[in-house]
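Presented below is the structure to which this report refers.
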Protein chains: 2
Amino acid sequence: MISKKTQYGLKALGYLAAEYGKGPVLIADIAEKKKIPIKFLESILLLLKQHSVLESKKGKGGGYFLANAPKKTSLAAVIRIIGGPIAMLPCVSLNFYTKCEDCDEVNCGLRRVMAITRDATLKVLEKKTIQDLVDGCVEMEIGTI
Amino acid sequence: MISKKTQYGLKALGYLAAEYGKGPVLIADIAEKKKIPIKFLESILLLLKQHSVLESKKGKGGGYFLANAPKKTSLAAVIRIIGGPIAMLPCVSLNFYTKCEDCDEVNCGLRRVMAITRDATLKVLEKKTIQDLVDGCVEMEIGTI
DNA sequence: CATTTGTCTATCATATAAGTAGACTTGGCG
DNA sequence: CGCCAAGTCTACTTATATGATAGACAAATG
């Protein structure tokens, strides 16, 4: 289970993806449309900005907007920023690895299985981007037709 | 991330899988070998027994043992018993579904992606069993040679 | 310079996780 | 029968994470 925080962050990004190219979007606007507590959302957006997923503009006419095209940011990246590790165990995490006390990692059966699980999950989350979070009809891959 | 509790449960099952067919195993034995706080382990094993994953025998010569052959119990089943949902969001959980307030599930982009992720994860966890948790050399699939 | 908007710090409430203690029950065995 | 070895159950305790809120501060626009 991902935290509410991560969920809120992903929803907000989906909204910003839909508004991409239309200039800054108000925090209050996102909060209302996506039904997210505004002060909580503030901290999430700030975090995403600090990790270069978002950019912002202050003052009148300001707001938040995606730092890059929606397709450029994977869901895995976002989840790692807000929610931390994607793997089910610290000892199989690629980005948040911590050594497993009390077990020989080389022979650990649990570790072996969890590594496989991680790969399967990541295969999806690395490929999907915040473009895929846009609500409504499924976005077609136009490609280079 | 799965909880320590789930992790302990899986490790314990891995140990019991290795001892399968050799009669009851003491809680204290599992706790020592797998370095799990004994009282904590007690409650986990009891929970697994209540869900028919384990059986136990009381009194002298008693202990815990698998209710079925190691291959018969999937990791998904165990994780659901101890740790709850496998999906990343309640609204895409197959076994612990709760309706998503504040969002139209049909059109929710996040939900769509999380359902795909869940499928990828489950494909592994439904297939792997506690047989796969046995430490040491990778178990070969002998099959019906 | 005043208003709008994002930024930052601090705090709080609650829930969950993790672990501990001790009494109770069951069953084997002499 | 009666002891002892095991699992069973109840009740806490403590630590940490989560979710949320309030308010002061800083920057940019017009």
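Quick note on labels: first sequence line is chain A, next is B, and so on, each numbered from 1.
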query = Could you give all pairs that pass the side chain to side chain donor-acceptor pair (under 3.5 Å) test and reach residues 51-63 of chain A, with sequence neighbours left out?
reply =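 Found A:Lys49-A:Ser56.
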query = Linking I/L/V/M/F/W/Y whenever any side-chain heavy atoms sit under 4.5 Å apart, do B:Leu47 and B:Tyr8 land together?
reply =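 Yes, one cluster joins them.
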Calculate the interatomic distance between [X] atom [atom1] and [N] atom [atom2]; express it in whole Å.
X: A:Lys49; N: C:dT5; atom1: NZ; atom2: P; value: 16 Å
X: A:Leu47; N: C:dC8; atom1: CG; atom2: P; value: 11 Å
X: A:Met1; N: C:dT16; atom1: CE; atom2: P; value: 12 Å

Output a table of nitrogen or oxygen pairs between the protein and nucleotides 17-25 of chain D separated by less than 3.5 Å.
from	atom 1	to	atom 2	distance (Å)
D:dG19	OP1	A:Lys4	N	3.1
D:dG19	OP2	A:Lys4	N	3.0
D:dG19	OP2	A:Lys5	N	3.4
D:dA20	OP2	A:Tyr8	OH	3.1
D:dG23	O6	A:Lys39	NZ	2.4

inquiry  = Strictly by salt bridge (Lys or Arg N to Asp or Glu O under 4.0 Å), give each pair with a member in residues 85-98 of chain B just once, sequence neighbours left out.
reply    =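 Qualifying pairs: none.
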query = Are any non-hydrogen side-chain atoms of B:Leu89 and B:Arg111 less than 4.5 angstrom apart?
reply =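 No, every pair of side-chain atoms sits at 4.5 Å or beyond.
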Results of salt bridge (charged side-chain N to carboxylate O under 4.0 Å, His left out) for A:Asp29 - residues two or more places apart only =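 Residues passing salt bridge (charged side-chain N to carboxylate O under 4.0 Å, His left out) with A:Asp29: A:Lys33.
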message = Run the side-chain contact (heavy atoms from CB on, under 4.5 Å) test against A:Ser43 and tell me which residues pass, sequence neighbours left out.
response =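 Only A:Phe40 meet the side-chain contact (heavy atoms from CB on, under 4.5 Å) criterion with A:Ser43.
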ask   = Counting just side-chain N and O atoms, does A:Gln50 come under 4.0 Å of either OP1 or OP2 of C:dC8?
value =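 For C:dC8, OP1 or OP2 has a side-chain N or O of A:Gln50 closer than 4.0 Å.
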request  = Tell me yes or no: between the side chains of A:Thr121 and B:Thr121, is some donor less than 3.5 Å from an acceptor?
outcome  =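 Judged by distance alone, the side chains do pair up.
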Distances for protein N/O vs nucleotides 25-30 of chain C N/O pairs under 3.5 angstrom?
from	atom 1	to	atom 2	distance (Å)
C:dT26	O4'	B:Lys58	NZ	3.3

